[in-house]
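In this text the structure is predicted, and so the values were computed from the model without any measurement. In what follows, chains carry the letters A, B, and so on, assigned in the order in which the sequence lines appear, proteins first and then strands, with residues in each chain numbered from 1.
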Protein chains: 4
Amino acid sequence: MPRTKKQFEEIREQTKTKILNVALELFAKKGYSNTTISEIAKSANISKGLAYNYFESKEQLMEEVIKILFVEIENMFIALEGEKDPFEKLSRIIDLTFEWVTEREDFWRLYTNLLMQVETKVIVDKVAGNFMDSMFTEMEKMFRKMKIKNPVEEAKIFGAILDGMSFHILFLGNEYPITQMRNFLKSKYSKENLV
Amino acid sequence: MPRTKKQFEEIREQTKTKILNVALELFAKKGYSNTTISEIAKSANISKGLAYNYFESKEQLMEEVIKILFVEIENMFIALEGEKDPFEKLSRIIDLTFEWVTEREDFWRLYTNLLMQVETKVIVDKVAGNFMDSMFTEMEKMFRKMKIKNPVEEAKIFGAILDGMSFHILFLGNEYPITQMRNFLKSKYSKENLV
Amino acid sequence: MPRTKKQFEEIREQTKTKILNVALELFAKKGYSNTTISEIAKSANISKGLAYNYFESKEQLMEEVIKILFVEIENMFIALEGEKDPFEKLSRIIDLTFEWVTEREDFWRLYTNLLMQVETKVIVDKVAGNFMDSMFTEMEKMFRKMKIKNPVEEAKIFGAILDGMSFHILFLGNEYPITQMRNFLKSKYSKENLV
Amino acid sequence: MPRTKKQFEEIREQTKTKILNVALELFAKKGYSNTTISEIAKSANISKGLAYNYFESKEQLMEEVIKILFVEIENMFIALEGEKDPFEKLSRIIDLTFEWVTEREDFWRLYTNLLMQVETKVIVDKVAGNFMDSMFTEMEKMFRKMKIKNPVEEAKIFGAILDGMSFHILFLGNEYPITQMRNFLKSKYSKENLV
DNA sequence: TATGAATGAGAGTTCATTCAT
DNA sequence: CATGAATGAACTCTCATTCAT
């Protein structure tokens, strides 16, 4: 018996997800330019031609990958929304950042690459808008709740520390004292030390 | 009458410098893979072939660009060696970083790109070795002189702030409150606030 | 509906054979270095890029051409294996050599080129190994069967005559008295004259 | 004091000879296509530009190299003209061939390459004419003097043996029993065995 | 006479994209 | 829906040749 429309759609959805996952992984590992459509197709167990059935071009595939990337980042923050205690929230942000940067290294590498290159930055802007602004605002709110002086500036400093450390970890790998710094940072931004 | 050896050397010096400057700019703006030798040649007003008279390959050109980058970074630190007061030194490091990141944006963009991209990381390792370690060590010494607690960790935090902020400035451009943050950071790391 | 696997295989087989034939002809006529992939593609009525769908590199294409060459040479010898009478066999080797050198001139030209050119010798060694040794050994056996004195040396002399004559024919073309020499050689190496 | 016209001409002659020798060596060792004018100039301790002062083009340089090649071959034969005894002459031809092919391997390799490739063959024809014909004629005379039957054919067989063996020696190098075959050939073509 | 910087055409190679089946 | 053969533009790199000095 022929498949129903719904079944077809499910298959389509599955294939598309497969391609996106594979593309994300490869773009992150090897960079956008050094990843070929052939490789992606092979890794996804489909033909080159079929990839073009799902995505107009390599660039559009990249766009969709970036979208996923930012959705995941957004989800990370949504997961924190329940947390009302700003000190606890800060602590969890630190944890999450360290977890992500170690467990999803490629992911972060792709993210950082994207932001730095003028050409891909356009794509990022298109799909992610001013996400960095909202991050700063989010953190500012936290610091304000904590009654810290200069919450605007402290939020930016805090953001810089997280991104800067991610940087250093990605660059130095195991040579970086990850656990030690994580604990140090959490202590530095703990209730006892901040207030 | 043929040109003298000195004349030839001057020509080579000039052309080589021109190529290197253009390459630095383009590599920084577009990334290594997305920059072609053709573009570099066109920007430098020379023929494609001539570029290969000066550099064995695209990779070797990149290497020389990176070398220059790190020599300049080194010079920045050498300029600070005379400064014996650690608080003053810290303040000047902050100033220098902000000046560089605004005045020599390409430079920093390239530097950041390099640290993140897998493909160029190999080249960086080859020409720059463990420069980041020595930076951390240098900063650690400063914090030790200041009798700050946990100098190792504070050095890493400070480095993260500088790199993280540079990152944000490069990404956000004029939207980032550069002067404001510069002053805030200098105040935060001033003698009065640290001791 | 996509083509079946078999259909694809047929297409690949056909195109590959076409490329190989053209490459054989051009490599033979102009030498390896003086033949470009563009020329081969044009002669085969395909795009330059397609050639690389079938062969990894120019060198690998050459390797496959050489392989074919040696397979055909081997087949020539296999065809003779049924022949038990050494005198008859010798006669047929002479005939075959003359036929090949006239009917498959490109083939022989390539073969001769290969043996002489330093650049291709490496490739030949890779795919053909010590084929010349086995040829000498084969001929030596024949002469031994004929109870000729010094079979080792005579085999080498005989081999030299065949290769030397092929060389002369290729060089002089129709100016060389091919039929006459063929008959003369067959008579010289006939049972009546040898024993 | 300024150099005289004659001195200038001598210098010119020396430089030209130097270039030709170097070119011969390199063309022979690496093949025509794989030898660059730069290499030749560097090996001759002159500038690239100066080479073009002496030779119009790479091809013309090649032509002159070939000329020298054939002059040397001719000299080899002229050296034999004094020898009136055909048996002795034959023996010396064998010796000379073996000596050349071992001592001037590159030389012979170039010569063989030239004859095989359709494009360079044109150059050879231009400078050397039908030298092979005259060789055959020369040998034929010898065999006629010896009162050998079928001197025309035997001359061709003999020529084929020499060229074929040169071939095998160039291809197999030290694996070929050079001395053994040289003695065998000389014995085979000695007065005792021929008459 | 002599230099080597500079050119430009063309080599080998890669790959996003198209399309007949 | 699915295939992979085929294209063509663009890439890195090479080198014979020219030319200002």
Side-chain angles (χ1 to χ4, degrees), chain A residues 3 8 11-12 15 33-42 46-59 61, chain B residues 1-5 7-12 14-16 33-41 45-61, chain C residues 1-5 7-12 14-16 33-41 45-59 61, chain D residues 3 8 11-12 15 33-42 46-61:
Chain A
R3 269 174 270 209
F8 269 126
I11 291 174
R12 245 196 108 71
T15 309
S33 295
N34 300 318
T35 305
T36 69
I37 295 287
S38 283
E39 279 175 303
I40 294 170
K42 191 172 282 177
I46 58 160
S47 71
K48 234 187 313 183
L50 191 56
Y52 280 86
N53 196 314
Y54 289 90
F55 303 93
E56 274 179 13
S57 65
K58 191 184 173 186
E59 191 171 328
L61 171 56
Chain B
M1 258 152 293
R3 267 177 270 225
T4 63
K5 224 172 199 171
Q7 281 175 310
F8 277 128
E9 266 168 29
E10 269 168 26
I11 292 174
R12 274 195 87 79
Q14 275 174 29
T15 309
K16 190 169 184 176
S33 289
N34 300 317
T35 306
T36 70
I37 294 288
S38 282
E39 280 175 304
I40 294 171
N45 287 319
I46 58 162
S47 68
K48 217 178 3 170
L50 190 59
Y52 284 89
N53 189 317
Y54 289 88
F55 303 94
E56 276 180 9
S57 64
K58 190 184 171 186
E59 185 170 334
Q60 203 231 316
L61 170 56
Chain C
M1 259 152 290
R3 267 176 271 223
T4 62
K5 224 172 198 171
Q7 279 174 310
F8 276 129
E9 267 168 28
E10 269 167 27
I11 292 174
R12 274 196 88 78
Q14 274 173 31
T15 310
K16 191 166 184 179
S33 290
N34 299 317
T35 305
T36 71
I37 295 287
S38 283
E39 281 175 303
I40 293 171
N45 287 318
I46 60 163
S47 68
K48 216 173 11 162
L50 190 58
Y52 284 89
N53 190 317
Y54 289 88
F55 303 94
E56 277 181 8
S57 64
K58 190 184 172 186
E59 185 169 333
L61 170 56
Chain D
R3 271 175 269 210
F8 268 126
I11 291 174
R12 247 195 107 72
T15 309
S33 295
N34 299 318
T35 305
T36 69
I37 294 289
S38 283
E39 280 175 303
I40 293 170
K42 191 173 281 174
I46 59 161
S47 71
K48 235 188 310 184
L50 192 56
Y52 281 86
N53 196 316
Y54 289 90
F55 303 94
E56 274 180 11
S57 66
K58 192 183 173 188
E59 193 172 326
Q60 202 233 318
L61 171 56

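Annotation: side chain of B/Asn53 is in contact with side chain of B/Arg12 (closest heavy-atom distance under 4.5 Å).
Taking atom NZ of residue A/Lys58 and atom P of nucleotide E/dA16, one finds them 4 Å apart after rounding to whole Å. Between the CG atom of A/Asn34 and the P atom of E/dC15 there is a distance of 8 Å, given to the nearest Å. With rounding to whole Å, C/Glu39 atom CD is found 13 Å from E/dG12 atom C1'. Between C/Glu10 atom CD and F/dA5 atom C1' there is a gap of 14 Å when expressed in whole angstrom units. Remark: C1' of E/dA11 and CG of C/Leu61 are 15 Å apart, rounded to the nearest angstrom. Between D/Phe55 atom CZ and F/dT18 atom P the separation is 16 Å, expressed in whole Å. In this entry the distance linking CD1 of B/Ile40 with C1' of F/dC11 reads 12 Å, nearest Å. For the pair D/Ile37 CD1 and E/dT7 P, the computed distance is 21 Å after rounding to whole Å.
Place C/Ser57 and D/Ile46 on DNA chain E by their nearest nucleotides, and D/Ile46 ends up nearer the 5' end. Mapping B/Leu50 and A/Tyr52 onto DNA chain E by nearest heavy atom places B/Leu50 at the nucleotide closer to the 5' end. Positionally, the nearest nucleotide of DNA chain F for C/Phe8 lies more toward the 5' end than for the other of B/Phe8 and C/Phe8. Comparing D/Thr35 and A/Gly49 along DNA chain F, the residue whose closest nucleotide (by nearest heavy atom) sits nearer the 5' end is A/Gly49.
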Each base of DNA chain E marked ( ) or [ ] if paired in-strand (Watson-Crick or G-U under 3.5 Å), | if paired to another strand and . if unpaired gives .||||||||||||||||||||

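A/Ala51 approaches A/Ile46 most closely through the heavy-atom pair N-CD1, 3.8 Å. Closest approach of A/Lys48 and A/Ile37 over heavy atoms only: CG-CG2, 4.0 Å.
In this structure, B/Thr36 does not reach the F/dA10 phosphate: none of its side-chain N or O atoms is under 4.0 Å from OP1 or OP2. Taking side-chain N and O atoms only, B/Arg12 has a distance below 4.0 Å to OP1 or OP2 of E/dA5. Applying the 4.0 Å criterion to OP1 and OP2 of E/dA6, one finds that B/Asn53 has every side-chain N and O outside that range.
Atoms CZ and CD1, on A/Phe55 and A/Ile40 in that order, are 9.0 Å from each other to the nearest 0.5 Å.
Within 4.0 Å of C/Ser47, counting heavy atoms only, lies at least one base atom of the nucleic acid. When heavy atoms are screened at a 4.0 angstrom cut-off, D/Tyr54 is found touching the sugar-phosphate backbone but no base atom. Counting any heavy atom pair closer than 4.0 Å across all strands shown, B/Thr4 reaches no nucleic acid atom.
For the pair C/Glu10 (side chain) and C/Gln7 (backbone), a donor-acceptor distance under 3.5 Å is absent. Judged purely by atom type and a 3.5 angstrom limit, B/Lys58 uses its side chain to pair as donor or acceptor with the backbone of B/Thr35. Using modelled atom types, no side-chain atom of C/Gln14 and backbone atom of C/Ile11 make a donor-acceptor pair closer than 3.5 Å.
Residue side chain C/Lys48 reaches the base of E/dT13 through a donor-acceptor N/O pair under 3.5 Å, judged by distance alone.
More than 12 heavy atoms of other residues, nucleotides or ligands lie within 6.0 Å of CD in D/Gln60, so this atom counts as buried by the packing criterion.
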